[in-house]
Amino acid sequence: MVTTQFPWLTTIILLPLVASLFIPLIPDKQGKTVRWYSLGVALTDLALIVYTFWNRYDFQNPAFQLTESYAWVPQLGINWSVAVDGISMPLVVLTGLVTTLSVLAAWRVDKKPRLFHFLMLAMYSAQIGVFCAQDMIQFFLMWEIELVPVYILIAIWGGPKRMYAATKFILYTAIGSIFILIAALAMAFYGDHVTFNMQELGLKEYSLTFELCVYGALLIAYGVKLPIFPFHTWLPDAHGEASAPVSMVLAGVLLKMGGYALIRMNMEMLPHAHVYFAPVLAILGIVNIVYGALASFAQRNLKRRMAYSSISHMGFVLLGLASFSDLGMSGAVLQMVSHGLIAAALFFLAGVTYDRTHTLDLDEMGGLAKKMPSVFALFTIGSMASLALPGMSGFVGELAVFLGFTTSDAYSSSFKAVIVLLSAVGLIVTPIYLLSMLREMFYGEEGKAVAGAILLDAKPRETFIAACLLVPIVAIGLYPKLITQTYDVKTVQIAAHVRSAVPVMANQHLKNLPQFSFTAPAIQQNELLGLLK
């Protein structure tokens with residue numbers, strides 16, 4: 001057994017789940033006590049996360065920290081093994097913040113409140129468990145446990161087509177999860193030593209064919225969650241039907257699980273296969289950026305428009321992971337954190353608007369600015385962040401990805417030129433569909449859902465939730481080091497790890513590789529990294 005003096009991570013992971021088991025025992029008929037209890041648990045766990053990382057985590061150490069390992073199923077070699085590093089730690093904090101705010105956003109849920117808050121807390125535990133797991137079977141179980149609450153939350157508290165959206169979500173994600181289990185078993189039993197420990201699996205020497213097969217399987221599994229085209233079609237339906245608190249978690253946390261897993265397993269554990277798949281990731285990233293932006297522009301449903309926008313923005317994560325550069329890796333992680341905050345804010349504000357107008361149809365809106373000026377101001381700030389306005393976190397993340405990819409010597413100049421040119425299409429379309437969304441919602445003549453209606457502006461609780469998401473968006477945009485210092489040493493290590501696989505592949509005289517030649521001076525990369533600091 002390996003553990004720290006106190007099992008901080010185990011406590012953080014299990015606290016919401018254990019606390020949720022007491023919800024049926026709370027004497028409460030209308031759900032008022034339950035919601036306070038749920039909020040108290042979420043806040044306690046968030047406070048524990050902040051305390052633990054502030055006092056016991058070393059930002060300058062790229063190794064795994066707060067390591068804990070307990071024998072779970074010793075007969076099968078399965079352990080409860082948890083730890084965090086620069087990639088997982090920011091996402092755990094993001095999970096705590098977004099999920100706590102989503103619990104507060106669900107203050108008016110009066111339909112089966114016990115079940116709703118039980119599922120929210122159970123999902124809270126599973127999400128953090130995914131980011132902290134160091135055992136492949138434990139990771140798989142946490143990944144699966146997270147699916148069940150989301151399915152039920154959409155199926156019971158969703159819109160008119162909730163059953164269709166929930167069923168589509170569970171089918172896509174559950175089928176994708178099968179590939180995780182297959183890959184985990186294949187890697188565990190490869191060679192003479194059987195293990196499910198991720199760090200030990202990363203040290204095994206796999207054949208290239210085996211690596212490529214496993215990498216492809218995991219790419220499908222995590223491509224569904226990210227989501228990557230063409231495995232994305234569940235997302236617009238899920239967002240379109242889910243309630244605002246569920247959409248906040250779905251966009252703010254769940255999509256990041258796919259990006260995190262690509263870094264943790266595909267890049268760290270299978271670096272030689274990543275050399276082959278990196279150009280594929282770059283192409284898929286461009287498809288996501290352009291397709292998501294164009295599809296978003298065509299949507300008349302507010303939440304579906306923002307769902308396709310999420311698909312577009314997650315394409316930048318793929319582009320950063322494919323860059324082979326320190327700056328590109330840093331930008332990919334920053335984009336995940338930034339998009340988690342921005343998407344959660346926009347979906348929450350969409351829910352606030354729906355509560356007043358009872359519609360998500362942009363054709364039925366209009367003239368809301370006069371009746372809801374605070375909502376208009378908050379929505380505008382969130383939209384500006386989403387379209388990557390300078391001074392916002394979205395701008396810094398996308399800029400880092402672009403600079404990281406364009407300055408990388410992993411690809412030919414012609415390939416980089418095509419990628420940058422196509423991604424520019426997405427950057428041009430994004431302000432168009434976001435600004436047109438604001439115009440149709442808040443300007444012009446009052447729509448059918450607005451005319452003659454008495455619409456209340458944002459309440460203090462709603463303003464507080466939006467501010468808790470928008471303030472860090474602006475803070476990161478103005479001072480990126482606020483977040484980059486938490487993971488820089490780790491992203492530099494991972495980028496160096498995948499670059500080290502390139503000469504190995506070259507020495508094997510493999511054909512059909514992109515033009516790899518890492519000859520750019522390190523000073524150039526350091527100067528570019530300085531832009532983030």
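This structure is a prediction, so every number in the text was calculated from the model and none was measured.
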Quiz item: Where do Y487 and M89 land on the side chain to side chain contact (heavy atoms under 4.5 Å, CB included) test, with the steps shown first?
Solution: CA-CA 8 Å; Y487 62 75; M89 187 276 290; over 6 Å; no
If a pair satisfies ring-ring contact (aromatic ring centres under 6.0 Å, His included) and one of its residues is in [range], list it, with sequence neighbours excluded.
range            : result
residues 450-477 : none
residues 244-267 : F131-Y260
residues 16-41   : W36-W107

Side-chain contact, heavy-atom cut-off 4.5 Å: [X] with [Y]?
X    : Y    : value
I23  : L121 : yes
M306 : S296 : no
L235 : F169 : no
K256 : V317 : no
I128 : M142 : no
Y308 : R304 : yes
S386 : S309 : yes
L389 : F395 : no

Please report, to 0.1 Å, the donor-acceptor pairs under 3.5 Å made by any side chain of residues 366-384, with sequence neighbours excluded.
from, atom 1, to, atom 2, distance (Å)
K371, NZ, V450, O, 2.9
K371, NZ, A453, O, 2.7
S374, OG, D457, OD2, 2.9
T380, OG1, F376, O, 2.7
S383, OG, F379, O, 2.9

Is [X] reaching over with its side chain to a backbone N or O of [Y], donor-acceptor style, under 3.5 angstrom?
X    : Y    : answer
S393 : G477 : no
R162 : G159 : yes
Q65  : D58  : yes
W234 : V224 : yes
D45  : V41  : no
K161 : D237 : no
T484 : P480 : yes
S312 : I289 : yes
R356 : L456 : yes

Return the [atom1] to [atom2] distance between [X] and [Y], rounded to the nearest 0.5 Å.
X    : Y    : atom1 : atom2 : result
I12  : L46  : CD1   : CG    : 10.0 Å
L15  : S125 : CG    : OG    : 7.0 Å
L101 : L97  : CG    : CG    : 4.5 Å
M365 : Y354 : CE    : OH    : 10.0 Å
I311 : H239 : CD1   : NE2   : 8.5 Å
T167 : L171 : OG1   : CG    : 6.5 Å

Exercise. Quick one: do L387 and L435 satisfy side chain to side chain contact (heavy atoms under 4.5 Å, CB included)? Show the steps, please.
Key: CA-CA 9 Å; L387 62 80; L435 293 177; 4.2 Å; yes
[X] bridged to [Y] by N-O distance under 4.0 Å:
X    : Y    : result
R439 : E445 : no
D110 : R35  : no
K448 : D361 : no
K168 : E241 : no
R300 : E364 : no

How close do [X] and [Y] get, counting heavy atoms only, and between which atoms?
X    : Y    : answer
A475 : L482 : CB-CD2, 3.9 Å
L284 : F229 : CD2-O, 3.9 Å
P90  : T486 : CG-OG1, 3.6 Å

Practice problem: Give a yes or no on whether Y291 atom OH has more than 12 heavy-atom contacts from other residues, nucleotides or ligands under 6.0 Å away. | Solution: yes
Quiz item: Taking atom CZ of R461 as the centre, does the number of heavy atoms from other residues, nucleotides or ligands within less than 6.0 Å exceed 12?
Solution: yes
Quiz prompt | Which residues share a side chain to side chain contact (heavy atoms under 4.5 Å, CB included) with V109, sequence neighbours left out | solution = A106, F116, W157
Exercise. Before giving the answer on side chain to side chain contact (heavy atoms under 4.5 Å, CB included), spell out for V82 and D135 the whole-Å C-alpha distance, their side-chain angles and the decisive distance to 0.1 Å.
Key: CA-CA 8 Å; V82 292; D135 183 279; over 6 Å; no
Quiz item: Parallel under 30°, tilted from 30 to 60°, perpendicular over 60°: which one fits the rings of F316 and H313?
Solution: tilted
Between the side chains of [X] and [Y], does any donor sit under 3.5 Å from an acceptor?
X    : Y    : value
W80  : T10  : yes
Y172 : T233 : yes
T99  : Q127 : yes
H339 : S310 : yes
S38  : R114 : no

Practice problem: Please step through ring-ring contact (aromatic ring centres under 6.0 Å, His included) for the pair Y222 and W143, ending with a clear verdict. | Solution: CA-CA 11 Å; Y222 304 140; W143 189 278; 5.4 Å; yes
Which donor-acceptor pairs under 3.5 Å do the side chains of residues 146-155 make with protein atoms, sequence neighbours left out?
from, atom 1, to, atom 2, distance (Å)
E146, OE1, K225, NZ, 3.1
E146, OE2, K225, NZ, 3.4

Exercise. Begin with the C-alpha distance, continue with both residues' side-chain angles, and end with the deciding distance and a verdict on side chain to side chain contact (heavy atoms under 4.5 Å, CB included) for M136 and F140.
Key: CA-CA 6 Å; M136 282 292 288; F140 172 75; over 6 Å; no
